[in-house]
J.: 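My questions will all concern the structure given below.
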Amino acid sequence: MDTHYRPLDIENKWYPYWMNKGYFRSVPDDREPFTIVMPPPNVTGVLHMGHMLNNTVQDILIRKARLDGKNACWVPGTDHASIATEAKVVQLLREKGIKKRDISREEFLKYAFEWKDKYGGIILDQLKRLGASADWERTRFTMEDSLSEAVIAAFVDLFEKGKLYRALRMTNWDPQALTVLSNEEVIYSEEKDTLYYLKYPVADDVSQSISIATVRPETILGDAAIAVHPEDERYAHLIGKTVLVPLINRPIPVIADTYVDREFGTGALKITPAHDPNDYEIGQRHQLETIDILTPDGRLNETAQLLVGEDRFNARKLILPMLEAGGYLVKTEEYLHKVGRSERTNAIVEPRLTLQWFLRMKDFAQKALDAVRQDEIKFHPPQFVNMYQNWLDTDHVRDWCISRQLWWGQRIPAWYYQPNGTDNPLIFVAKTATEALEKARIQTGIPNLQIEDLYQDEDVVDTWFSSWLWPISVFDGFKNQEELAYYYPTQVLVTGWDIIFFWVARMAMAGYEWGPALLPGHKKGYMPFKDVYFTGMVRDKMRRKMSKSLGNSPDTLALLDKYGADGVRFGMLSSAAAGNDIVFDAPFDVKTNKILDESQLCDQGLRFCNKMWNALRLVKQWEIVPNPDTADAAEINQLAIQWMEERLAQLQEDQESSISQFRLSEALTDLYRFIWDDFCSWYLELVKPVYGRPIDRPTYDRTVDFFSDLMSMLHPFMPFVTEEIWHLLRSRPEREDCMVTPLIKHKKVNPVLSEDMAILNKIVAAIRELRAEKQIALKESLNVWWASSTKADSLLTQTGALPLVMKMANLAALKPTEEEPAGCITLMADTEKLFVAFEAEINIEEEREKVLKE
RNA sequence: GGGCCUAUAGCUCAGCUGGUUCAGAGCACCUCGCUUACACCGAGGGGGUCGGAGGUUCGAAUCCUUCUGGGCCCACCA
């Protein structure tokens with residue numbers, strides 16, 4: 001056997017082995033279910049650190065449940081990620097010389113699905129490398145037929161319940177993706193900009209003017225008014241007057257509105273209703289015209305009159321010299337403000353008036369809020385409840401804009417009928433065109449209405465409108481409730497806190513919305529999951545969130561190759577208490593994306609594997625005989641075994657408690673320390689025969705039992721190394737594997753034993769310390785006395801204790817004494833006093849003082 | 001503007017219900033040791049006024065108040 005543990009071959013061996021035995025598969029039976037639905041990664045995604053952390057946690061919980069005899073079901077899948085994927089496909093088509101606008105929707109979707117089949121879902125294979133024991137036969141995709149049907153069913157149902165409406169609203173427009181975004185998809189961050197002060201001349205007296213401040217001078221072309229505060233004396237004389245928009249001399253009124261902050265800028269505000277949400281509202285109040293000067297992709301249109309066709313940012317640059325030349329530019333200032341960018345494309349979001357579908361959120365929010373408040377859904381760590389409440393607070397919650405101007409997604413099942421000359425179309429929402437037509441015929445009273453007379457909504461629904469159904473739709477719950485009844489609610493959701501609003505809250509909403517109808521009288525409740533484990537964000541050394549766009553994520557596959565899946569799992573987890581962001585310190589070269597140095601945490605995990613591997617080597621090389629080699633050995637072994645049984649019982653208890661509270665890193669750290677310190681450094685050293693001597697069969701067997709049990713306990717965390725060692729420890733029957741063999745519960749028998757051993761350990765440590773201090777070689781055996789006292793006497797005279805200390809500290813003799821023998825150093829070990837024979841000259845005084853001090 | 005979290009060893013963090021697992025772990029550092037499973041190791045060691053200041057208490061890293069750093073979420077301030 002190699003002195004070093006080599007993870008790669010071993011990991012490559014076990015994963016297919018488990019798969020072939022069908023251990024990941026779950027079908028409903030009479031066992032208690034333990035269900036996790038995997039947060040579906042983007043179909044375009046590649047494995048990054050966040051996924052590894054996330055899925056490691058899920059795998060631990062699933063493997064633990066499986067070992068506990070539950071029917072563990074982990075459903076994997078991918079998300080179609082409409083905006084991101086569509087952008088990617090558009091890009092690829094462009095490279096082929098195909099423009100999206102030149103092809104039909106059907107052609108586009110054909111390309112998109114082709115691309116998805118070819119490249120999509122790589123990430124799921126990468127998860128296998130990590131050891132993820134998901135039921136791959138259940139792999140779902142949010143845009144496969146069955147799941148799309150669920151989306152359509154949900155849409156139709158909500159429409160019929162009156163919870164959906166279509167309205168012209170100020171929305172967040174992504175000029176790059178050419179679609180509207182929900183509020184949650186806009187990320188605001190502080191950016192440096194310039195504040196321009198511009199002068200608007202008064203129409204009937206050009207010598208007078210009013211100045212405003214704006215960061216978007218190009219939008220003056222869409223101005224509809226200048227607003228001042230009604231009580232602002234500086235501008236009272238101008239209210240009601242007409243001023244001229246610079247450069248184009250369009251007359252606009254000066255109006256009074258309390259929205260205006262007198263302290264800001266000049267105290268006068270330009271009103272551009274088409275391009276600012278606040279301005280839009282003011283415009284509505286004052287019946288101002290909405291002058292849209294931008295094209296969907298963010299260029300100035302004909303209405304702008306000037307700079308037509310220029311991109312909005314370019315227009316800003318170009319308009320400045322014009323304003324300056326005209327004498328309209330008063331001054332400029334550096335200005336720090338929040339800028340909203342598209343979550344997916346990073347383009348600066350443009351407020352835009354568009355016709356969209358919205359979902360009324362108030363009732364949904366209330367139910368989702370109650371579920372958490374009433375502890376039907378528990379958050380780990382609990383402080384995320386605050387964040388959740390804050391967002392779902394029914395006073396602020398805003399309706400969810402669910403339509404997107406894309407093709408990659410479920411097309412909105414709404415058909416419109418709008419005969420010439422009518423203002424608003426009639427809307428027919430139905431699962432199919434045929435049903436819509438049926439409805440239309442009845443409602444319009446035109447029996448021979450044809451499908452060609454209707455037109456379907458061009459938009460698709462938001463990706464999250466399919467994701468929120470995930471815990472139901474992966475079991476085809478909208479069609480058939482057989483599996484749903486068994487697996488729902490899922491046990492725990494493991495996800496990053498960054499999608500608490502996007503996803504967690506909305507799944508809760510969906511659960512309570514459809515649960516009662518789909519599973520009437522379901523005893524287990526309608527929450528989609530009972531617990532939510534929020535993982536932290538994985539950050540780099542500069543504490544930045546690891547992301548593809550920053551390029552600061554290490555090459556995860558290289559990490560797996562280098563440290564093994566077990567090592568990486570150890571590394572990810574050992575510093576990842578729930579909800580705490582973890583700084584993953586794997587230095588890497590941004591340019592080559594290569595790891596430069598070792599990641600300490602993963603390296604520690606690999607070294608841990610190596611430690612266990614070598615413990616295995618030690619055990620395997622022992623020669624086994626029926627009976628103990630010596631009387632001392634028999635005594636030591638007996639004591640060691642009893643102690644180990646006691647410690648294991650305690651460990652097991654602690655593990656159950658930690659894991660049930662989702663303290664996974666604590667559970668792993670405890671195991672690490674137990675295996676390294678208690679098992680290897682102490683227990684194995686105790687029972688280890690002296691060189692060349694054999695071990696007795698009973699001790700050997702118990703040792704293998706202990707080792708196996710530790711492997712079982714560690715298995716959920718580090719599945720590969722534990723399976724390997726578990727098998728090498730002893731030959732196993734055919735259907736027995738570490739992964740599926742439950743651990744027998746150890747019982748605590750003699751709790752005092754742990755304390756006694758701790759004191760013996762301290763005595764040994766004190767003698768070792770003395771050796772280190774006095775440079776006494778370990779080979780040199782020492783004579784030691786202990787000061788007689790009831791405690792030390794009872795401790796050291798119990799079976800095995802004396803030879804144990806002598807073996808571990810390498811003593812020639814260990815005896816009680818009433819008074820201090822001559823030529824000795826006095827030691828304190830815990831409360832026990834020891835005298836160690838020491839022949840070299842020593843300064844008795846000095847030593848005495850030291851002892852006194854202690 | 002509203003709200004949340006956090007500050008503990010050089011670094012990354014545990015420390016749960018105030019008190020015998022209370023000042024801890026890993027890494028880093030120092031000393032000694034290639035010893036017979038493992039130098040990817042072993043035996044030891046140094047290192048912290050628990051962010052500051054008040055308070056509650058017999059007792060505070062832990063509870064309260066406040067201040068100061070750091071992070072985050074929400075909200076329409078040009």
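Just so we're on the same page: letters track the sequence lines, and every chain starts at 1.
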J.: When rounded to the nearest Å, what value does the distance between P atoms of B:C77 and B:G24 take?
T.: 49 Å
J.: With respect to the side chain of A:Asn610, which nucleotide from B:A78, B:C4, B:C38 is positioned closest?
T.: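 Nearest listed nucleotide: B:C38.
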J.: Among the nucleotides B:C72, B:A78, B:C5, which one has an atom lying closest to any side-chain atom of A:Trp497?
T.: B:C72
J.: Pick the C1' atom in B:A9 and in B:G71, then give their distance to the nearest Å.
T.: 22 Å
J.: Could you list all the salt bridge (charged side-chain N to carboxylate O under 4.0 Å, His left out) pairs where at least one residue sits in residues 256-279 of chain A, not counting sequence neighbours?
T.: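 Applying salt bridge (charged side-chain N to carboxylate O under 4.0 Å, His left out) to every pair that reaches into residues 256-279 of chain A, excluding sequence neighbours, yields A:Asp223-A:Lys270, A:Asp257-A:Arg285.
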J.: A:Arg398 has a side chain; which of B:C40, B:C76, B:A78 sits nearest to it?
T.: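 For the A:Arg398 side chain, the nearest candidate turns out to be B:C76.
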J.: Between atom CG in A:Leu269 and atom C1' in B:C77, what is the gap in whole Å?
T.: 9 Å
J.: A:Leu573 has an atom CG; how far is it from atom C1' of B:C13, in whole Å?
T.: 14 Å
J.: Just checking A:Lys338: base, sugar-phosphate only, or nothing, at a heavy-atom cut-off of under 4.0 Å?
T.: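 Base contact - A:Lys338 has a heavy atom under 4.0 Å of at least one base atom.
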J.: When you measure from the centre of the six-membered ring of A:Phe358, is the NZ or CZ of A:Arg169 under 6.0 Å away and within 45° of the axis?
T.: yes
J.: For RNA chain B, whose closest nucleotide is more 5', that of A:Lys270 or that of A:Glu184?
T.: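 It is A:Glu184, whose closest nucleotide lies nearer the 5' terminus.
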J.: Applying salt bridge (Lys or Arg N to Asp or Glu O under 4.0 Å), name anything that partners A:Arg312, two or more places apart in sequence or on another chain.
T.: A:Glu350
J.: Using the C1' atom as the reference point in each nucleotide, state the distance between B:G10 and B:C30 in Å, no decimals.
T.: 14 Å
J.: Summarise protein proximity over nucleotides 26-37 of chain B in one line of letters, 5' to 3': B for base, S for sugar-phosphate only, - for none, counting protein heavy atoms closer than 4.0 Å.
T.: SS-------BBB
J.: Taking only N/O atoms, report every protein-nucleotides 17-20 of chain B pair under 3.5 Å with atom names and distance.
T.:
none

J.: Which part of the nucleic acid does A:Phe501 contact within heavy-atom distance under 4.0 Å: base, sugar-phosphate only, or nothing?
T.: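 It contacts sugar-phosphate atoms only.
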J.: Over all strands shown, is A:Ala777 touching base, sugar-phosphate only, or nothing at heavy-atom distances under 4.0 angstrom?
T.: nothing
J.: Apply the side-chain contact (heavy atoms from CB on, under 4.5 Å) test between A:Leu714 and each candidate in A:Asp566, A:Ile675, A:Ile725; give the one that qualifies.
T.: A:Ile675
J.: CD of A:Glu191 versus P of B:C77: gap in Å, rounded?
T.: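 Checked: the CD to P distance equals 15 Å.
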J.: Are A:Tyr197 and A:Glu333 linked by a side-chain donor-acceptor pair shorter than 3.5 Å?
T.: yes
J.: Are the side chain of A:Asn172 and the backbone N or O of A:Val349 linked by a donor-acceptor pair below 3.5 Å?
T.: no
J.: Would you kindly give the NZ-to-P distance between A:Lys774 and B:G45, to the nearest whole Å?
T.: 14 Å
J.: What is the separation between atom OH on A:Tyr188 and atom C1' on B:A78, rounded to the nearest whole Å?
T.: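 Distance, rounded to whole Å: 14 Å.
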J.: Using the P atom as the point on both nucleotides, what is the distance between B:A60 and B:U20, in whole Å?
T.: 12 Å
J.: For B:A75, take OP1 and OP2 only and decide whether either is under 4.0 Å from a side-chain N or O of A:Trp391.
T.: no
J.: What interatomic distance, in whole Å, is found between C1' of B:U66 and the corresponding atom of B:C22?
T.: 27 Å
J.: Provide, to the nearest angstrom, the distance between the CE atom belonging to A:Met387 and the C1' atom belonging to B:C5.
T.: 10 Å
J.: Between B:C16, B:A78, B:G44, which nucleotide gets closest to the side-chain atoms of A:Thr214?
T.: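 For A:Thr214, the side-chain atoms sit closest to B:A78.
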J.: Is the ring of A:His4 stacked on the base of B:C38, with centres less than 5.5 Å apart and planes under 30° off?
T.: no
J.: Does NZ in A:Lys807 sit with more than 12 non-hydrogen atoms of other residues, nucleotides or ligands closer than 6.0 Å?
T.: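 Yes, enclosed.
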J.: Please compare A:Thr669 and A:Glu769 by the position of their nearest nucleotide in RNA chain B and report the one closer to 5'.
T.: A:Thr669
J.: Yes or no on ring pair (Phe, Tyr, Trp, His ring centres under 6.0 Å) for A:Phe501 and A:Tyr388, after CA distance, side-chain angles and deciding distance?
T.: CA-CA 7 Å; A:Phe501 308 132; A:Tyr388 183 84; 7.6 Å; no
J.: Over 60° means perpendicular and under 30° means parallel, so classify the ring planes of A:Phe706 and A:Tyr683, tilted if in between.
T.: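 Plane angle over 60°, so perpendicular.
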J.: Provide, to the nearest angstrom, the distance between the CZ atom belonging to A:Arg663 and the P atom belonging to B:A25.
T.: 19 Å
J.: RNA chain B in dot-bracket, Watson-Crick or G-U pairs under 3.5 Å, [ ] crossing, | other strand?
T.: (((((((..((((.....[....)))).(((((.......))))).....(((((..]....))))))))))))....
J.: Counting just side-chain N and O atoms, does A:Arg262 come under 4.0 Å of either OP1 or OP2 of B:A78?
T.: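 Result: no.
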J.: Please give the distance between the C1' atoms of B:G18 and B:U56 as a whole number of Å.
T.: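 B:G18 and B:U56 have their C1' atoms separated by 11 Å.
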J.: Taking the side chain of A:Asn390 as heavy atoms from C-beta outward, which of B:A78, B:C74, B:C40 is closest to it?
T.: B:C74
J.: Measure CZ/A:Phe570 against C1'/B:A25 and give the value in whole Å, please.
T.: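 In whole Å, B:A25 C1' and A:Phe570 CZ are 11 Å from each other.
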J.: Could you check A:Phe674 against A:Phe679 for ring pair (Phe, Tyr, Trp, His ring centres under 6.0 Å), going step by step and ending with a plain yes or no?
T.: CA-CA 6 Å; A:Phe674 190 100; A:Phe679 185 67; 7.6 Å; no
J.: Look at all strands and tell whether A:Tyr335 reaches a base, only sugar-phosphate, or nothing, counting heavy atoms closer than 4.0 Å.
T.: sugar-phosphate
J.: I'd like to know if the side chain of A:His286 and the backbone of A:Leu288 have a donor-acceptor N/O pair within less than 3.5 Å.
T.: no
J.: Using atom P of each nucleotide, how far apart are B:A7 and B:C13 to the nearest Å?
T.: 10 Å
J.: Whether A:Lys762 and A:Glu832 form a salt bridge (side-chain N of Lys/Arg under 4.0 Å from carboxylate O of Asp/Glu) is what I want to check.
T.: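 Salt bridge: no.
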J.: With rounding to the closest Å, how many angstrom separate the C1' atoms on B:G48 and B:C29?
T.: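 Nearest-Å result for B:G48 against B:C29 at atom C1': 16 Å.
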J.: Looking at A:Trp173, is its backbone amide N or carbonyl O close enough to the side chain of A:Thr171 to form a donor-acceptor pair, meaning the two atoms are under 3.5 Å apart?
T.: no
J.: For A:Glu184, which residues count as a salt bridge (Lys or Arg N to Asp or Glu O under 4.0 Å) partner, sequence neighbours excluded?
T.: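 Counting only residues at least two positions away or on another chain, A:Glu184 forms a salt bridge (Lys or Arg N to Asp or Glu O under 4.0 Å) with A:Arg506.
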